Amino acid sequence: MIYLDGSRFFFDIEGCFSNLCEKAREENKDSEPDKNASEFSKCFAKFFGTKPEFVKAGKDYKTLLEGIFGGKAKAIVPEFDISAENFADAFEAEPVFVKKTPDMKIKAENLAAAANEKGAELIFISNPCCPTGLEIAPAEIKKLCSLTEAKVVVDESFCVDESVSVLSTVSETENLIVLKKIRFGGEPVFACGKNLPEFDCKISASEQAVGKVIFEKNSAIKTAQRKLLDSRDSLYIRIKKLAIKYDALERLYRAKGNCVFFKVKDAEERAKKLLDMGISVYSKDGYFCVFAGEKDENEAVLKALEEILK
């Protein structure tokens, strides 16, 4: 089975330094973990160029968000946003969904107006959006922060191009929090924001140790970022050719995240055919989202897509 539905990350970052990672795990397996993951967070801050005092870590989204917000919260989330939908489930939030335009865009004014009207504590968006792959310009996110007192939580875990990141604006924006999921060390999630509270990160000592090894040997992270960008671009170009060739692929959106998003005629039926062929992609309400994978995985999904689009 080939999974290009967002459930798996195609590049094994830890595998590049497997011996060092195994040694770090073994040496720290019985150690008491640092509840604040201070050294791990400093490594994250150094790599991404932000201040360590702004960084907090959590074992997963639920741990991180409950640590920051303390439990249930009323949240504004846009439709067609996997990250926001998963957030609502993990955090037990009371979500208020805001519709997007036909071109899958959403305006700062609409999100802010909904948050202010509903008295929401936070607005949660992914950037670039997953699954659409469309980015929200940093200027638009700054504008959103200025239009509401709600916390603006931007999940950049699907970002493959740091030029669209708003991480650098955290220090000048009181109500902005940027999240990034890391694909090693147990896949924790980091938050960057001003005045974030202390809480138990629930990351084991062994996973913190592995994370520090990878950040110190950061060539693997940079390689993963480059390969992911190349894979996404190649996938987009090839699917664009299918869009020109087959009418069943009704609309293709310009990908900016780690996936390619497009509208498909009879999508539910065609998604089932893909599954029967051993390929899983994200499918919802007439749209497909194919996440970038290894070269052979991309080749397999492209061949299968052409077959079902005929």
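Here the structure is a predicted model, which is why all the values come from computation and not from measurement.
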Is there side-chain contact between [X] and [Y], with heavy atoms separated by less than 4.5 Å?
X: V166; Y: V178; answer: yes
X: E27; Y: S206; answer: no
X: V96; Y: V77; answer: no
X: C259; Y: C289; answer: yes
X: I279; Y: L4; answer: no
X: L275; Y: S280; answer: yes

Ring geometry between F190 and F215 (parallel below 30°, tilted from 30 to 60°, perpendicular above 60°):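 Perpendicular: the ring planes of F215 and F190 meet at over 60°.
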Criterion salt bridge (charged side-chain N to carboxylate O under 4.0 Å, His left out) on K74 and E121, from CA distance to verdict: CA-CA 6 Å; K74 182 170 286 187; E121 296 173 58; over 6 Å; no
Nearest 0.5 Å please: distance from the [atom1] atom of [X] over to the [atom2] atom of [Y].
X: K42; Y: E53; atom1: NZ; atom2: CD; result: 10.0 Å
X: L229; Y: S234; atom1: CG; atom2: OG; result: 11.0 Å
X: T169; Y: I141; atom1: OG1; atom2: CD1; result: 7.5 Å
X: K99; Y: F80; atom1: NZ; atom2: CZ; result: 8.5 Å
X: C201; Y: N36; atom1: SG; atom2: CG; result: 7.0 Å
X: L144; Y: S146; atom1: CG; atom2: OG; result: 7.5 Å

Can you tell me if [X] uses its side chain to pair, donor with acceptor, with the backbone of [Y] under 3.5 Å?
X: T148; Y: A112; value: no
X: N116; Y: L147; value: yes
X: D60; Y: T63; value: yes
X: N175; Y: C145; value: yes
X: R270; Y: I308; value: yes
X: N218; Y: F47; value: no
X: N298; Y: G293; value: yes
X: N127; Y: I136; value: yes

Step-by-step salt bridge (charged side-chain N to carboxylate O under 4.0 Å, His left out) determination, E269 to K273: CA-CA 7 Å; E269 178 185 338; K273 288 181 179 179; 3.8 Å; yes
Given the side-chain rings of [X] and [Y], with only the six-membered ring counted for Trp, is the space between their centroids under 6.0 Å?
X: F288; Y: F261; result: no
X: F44; Y: F48; result: yes
X: F291; Y: Y3; result: no

Atom [atom1] of residue position [X] - does it have more than 12 heavy atoms of other residues, nucleotides or ligands inside 6.0 Å?
X: E32; atom1: CD; answer: no
X: K240; atom1: NZ; answer: no
X: K263; atom1: NZ; answer: no
X: D247; atom1: CG; answer: no

Linked, directly or transitively: [X] and [Y] (ILVMFWY side chains, under 4.5 Å):
X: L305; Y: M277; answer: yes
X: L196; Y: V154; answer: no
X: I68; Y: L176; answer: no
X: F40; Y: V213; answer: yes
X: F184; Y: V55; answer: yes

So that I can tick it off, tell me whether [Y] and [X] are bridged by a salt bridge, with the cut-off set at under 4.0 angstrom between side-chain N and carboxylate O.
X: E306; Y: K303; result: no
X: E299; Y: R238; result: yes
X: K227; Y: E294; result: no
X: K180; Y: E156; result: yes
X: E26; Y: K29; result: yes

Do you know which two heavy atoms are closest between [X] and [Y], and how far apart they sit?
X: V189; Y: Y61; value: CG2-N, 3.8 Å
X: I106; Y: P78; value: CD1-CB, 3.6 Å
X: A304; Y: L274; value: CB-CD2, 3.6 Å
X: S168; Y: S171; value: O-OG, 4.0 Å
X: A300; Y: I2; value: CB-CD1, 3.4 Å
X: F10; Y: L228; value: CE2-CD1, 3.3 Å

cation_pi(K56, F199) dist<6.0 Å, angle<=45: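 The answer is no, since K56 fails at least one limit relative to F199.
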Stepwise salt bridge (charged side-chain N to carboxylate O under 4.0 Å, His left out) test for E140 and K107: CA-CA 8 Å; E140 192 76 357; K107 294 183 177 180; over 6 Å; no
V153 and F69: CA distance, side-chain angles, deciding distance, side-chain contact (heavy atoms from CB on, under 4.5 Å) verdict: CA-CA 11 Å; V153 182; F69 294 102; 3.9 Å; yes
For V260, the option from V301, I237, L235, V281 that meets side-chain contact (heavy atoms from CB on, under 4.5 Å):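 Output: one option passes, namely L235.
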side-chain contact (heavy atoms from CB on, under 4.5 Å) between E187 and K181, worked out: CA-CA 6 Å; E187 299 200 347; K181 184 176 183 178; 3.5 Å; yes
R25: partners by side-chain hydrogen bond (donor to acceptor under 3.5 Å, both in side chains), with sequence neighbours left out: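 Partners of R25 by the side-chain hydrogen bond (donor to acceptor under 3.5 Å, both in side chains) criterion, ordered by chain and then number, come out as E14, E207.
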Worked verdict on Y287 versus V264 for side-chain contact (heavy atoms from CB on, under 4.5 Å): CA-CA 6 Å; Y287 294 88; V264 180; over 6 Å; no
Derivation and outcome, side-chain contact (heavy atoms from CB on, under 4.5 Å), residues F124 and I76: CA-CA 6 Å; F124 193 101; I76 300 297; over 6 Å; no
Quick one: side chains of residues 249-257, donor-acceptor pairs under 3.5 Å with protein atoms, not counting sequence neighbours, listed by atom name and distance.
residue, atom, partner, partner atom, Å
Y253, OH, P102, O, 3.2

